[in-house]
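Only one structure is covered here, and it is reproduced in the block below.
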There are 2 protein chains.
Amino acid sequence: MQARGMEQGASRVGDAYTRLKAEILSNRLLPGFQATEPEIAERLGMSRTPVREALIRLQAEGLVELVPRRGARILPVSAADMNDIYEILTALEPHAAAELALRRPDAQVLAPLEEATSDMEAALEKPDLDAWAAADDRFHRTLLELHGNDRLTAIASTLFDQAHRARMVTLRMRDMPHRSTAEHREILGALRRGDAEGVRRLFRDHRERAARELLHILERMGLPQF
Amino acid sequence: MQARGMEQGASRVGDAYTRLKAEILSNRLLPGFQATEPEIAERLGMSRTPVREALIRLQAEGLVELVPRRGARILPVSAADMNDIYEILTALEPHAAAELALRRPDAQVLAPLEEATSDMEAALEKPDLDAWAAADDRFHRTLLELHGNDRLTAIASTLFDQAHRARMVTLRMRDMPHRSTAEHREILGALRRGDAEGVRRLFRDHRERAARELLHILERMGLPQF
DNA sequence: AAATACTTTTATGTATGCATTAATGCGTGC
DNA sequence: GCACGCATTAATGCATACATAAAAGTATTT
């Protein structure tokens, strides 16, 4: 997955932000990696100023830490971090999904969710785990956008980004995510029926199970940091 | 209330951030106010560089908008914004409070909440609405800190700040908040008993009622922007 | 008077300069 | 050989310089 959100390519700050974020999320820049502002500036072929501003944004998003005198450090995501992130998502997403269900969305509104779910199913067949993860991500982001609380969408988006790397690593250390895919299908059905409480319950279970499985894997790996 | 969080007084960026944020939250700088970087820099007695970095942070927190060529604009908080903010808080705080209750916190742990509640009650007696609002704010922030999910605390803190101005204005357009204060007392009791479901329900009702009342006032005022 | 073209002003985005100060390396003393 | 202190290096925080481009003002024409 590339860095989402509005295209940030017009300015040098936007360039630096987009490129650094893409390298972090794709694990091309590993957690723990440190570099000083001049180093990064040279790597990106620009002066320190736009790099600095991009780093401030990445720090606000919880992807890097700016340690005085040592430069920017790519933040690892620990099991405890993942626990915190999933706790928040478990509080937010089921609510947003249930609210959406109350509005009785028609097929046209739900079309992007339908497509994301189909893409997940198709990706499982091939199988193509990267495509699966991208479609899964798309489902969750689209659902929040349909709900329409922009602040909520932005908050969840930041959390998705923070969790992304650990998710991608653990994704390959477990069975194919048939169950998770089926749950999306179920949630979609409940949304279509306007069954708000069903949606809430299904979504909560979906997130809680995903969190449990992920933390299990992280523990089995000896609590590494991503 | 002053700008909360870590004291940002050491550097010029920190100074600019703290001072601007304090002026925004206290409504000394009104929503809609615009100023260019050189103007702000002169007002604060420093160069554009630290001002710029402070403005980037304030933009990330949703307090100002940086519009190219026109400078920084203090963001108004509309009724729709307040609705979105309260929706998120209603999803997050009852959960955090219920989780805290499950841990069966003893009197020592709950002491800061007890104190905040007493302060609210005392402020109602005087009466001192500013002191009441400060104690209310302290209760909500402390509860989240006790819960211990730092990301959740940070997210809620940003939302509190965004809602602060509208809250302070509407606070003076309604009856004394006896009900709200009593609800804090009830929540505290349920926390002490470890009654997680009770805490969740009380807190959700507390937030939902507060949101309804606030939006009513905003509507009666003709949907102004703060 | 209105519209258009041109000039001037100025805010921003970025680069660079500079003082401070932390970290590193080296040498000296024990 | 180890610890301590000094010198050197270099990263940061901030100030300033500069190019660009948008906006505002002015003049000119119809």
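Basis for what follows: all heavy atoms, side chains included, without hydrogens, waters or symmetry-related copies. Throughout, a chain's letter reflects where its sequence line sits, starting with A, and its residues are numbered from 1.
The existence of a salt bridge linking B/Glu53 and A/Arg52 is confirmed by a sub-4.0 Å separation between a basic side-chain nitrogen and an acidic carboxylate oxygen. Between B/Asp161 and B/Arg57, none of the side-chain N atoms (NZ, or NE/NH1/NH2) sits under 4.0 Å from a carboxylate O, so this pair counts as no salt bridge. A salt bridge is absent between A/Asp137 and A/Arg167; no separation between the charged side-chain nitrogens and carboxylate oxygens falls under 4.0 Å. No salt bridge links A/Arg19 with A/Asp15; every basic N to acidic carboxylate O contact stays at or beyond 4.0 Å.
Contacts of B/Arg52 with the nucleic acid, taken as non-hydrogen atoms under 4.0 Å apart, include base atoms.
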Using atom names, set out every protein N or O paired with an N or O of nucleotides 18-22 of chain D below 3.5 Å, distance rounded to 0.1 Å.
unit_1 : atom_1 : unit_2  : atom_2 : d
D/dA21 : N3     : B/Arg69 : NH2    : 3.3
D/dA22 : N3     : B/Arg69 : NH2    : 3.3

Step-by-step side chain to side chain contact (heavy atoms under 4.5 Å, CB included) determination, A/Ile74 to A/Arg165: CA-CA 12 Å; A/Ile74 315 278; A/Arg165 288 168 290 167; 3.6 Å; yes

Side chain to side chain contact (heavy atoms under 4.5 Å, CB included) evaluation trace for A/Leu58 with A/Lys21: CA-CA 7 Å; A/Leu58 291 169; A/Lys21 185 164 176 176; 4.0 Å; yes

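Remark: nothing in residues 30-41 of chain B comes within less than 4.0 Å of DNA chain D through any heavy atom.
Phosphate contact (OP1/OP2 of D/dA15, side-chain N/O of B/Ser47, threshold under 4.0 Å): present.
Comparing A/Thr49 and A/Arg70 along DNA chain C, the residue whose closest nucleotide (by nearest heavy atom) sits nearer the 5' end is A/Thr49. Nearest-nucleotide mapping onto DNA chain C: of A/Met46 and A/Pro68, the residue sitting toward the 5' end is A/Met46.
Looking at B/Arg103, its side chain does come within 3.5 Å of a backbone N or O of B/His147 through a donor-acceptor pair.
First and last contacting nucleotides of DNA chain C toward chain A (any atom under 4.0 angstrom from a heavy atom, 5' to 3' order): C/dT14 to C/dT24.
To the nearest 0.5 Å, atoms CG (A/Leu92) and NE2 (B/His95) are separated by 9.5 Å.
When all heavy atoms are compared, the tightest approach of B/Val199 to B/Ala98 is CG1-N, 3.7 Å.
No more than 12 heavy atoms of other residues, nucleotides or ligands sit less than 6.0 Å from atom CD of A/Glu42.
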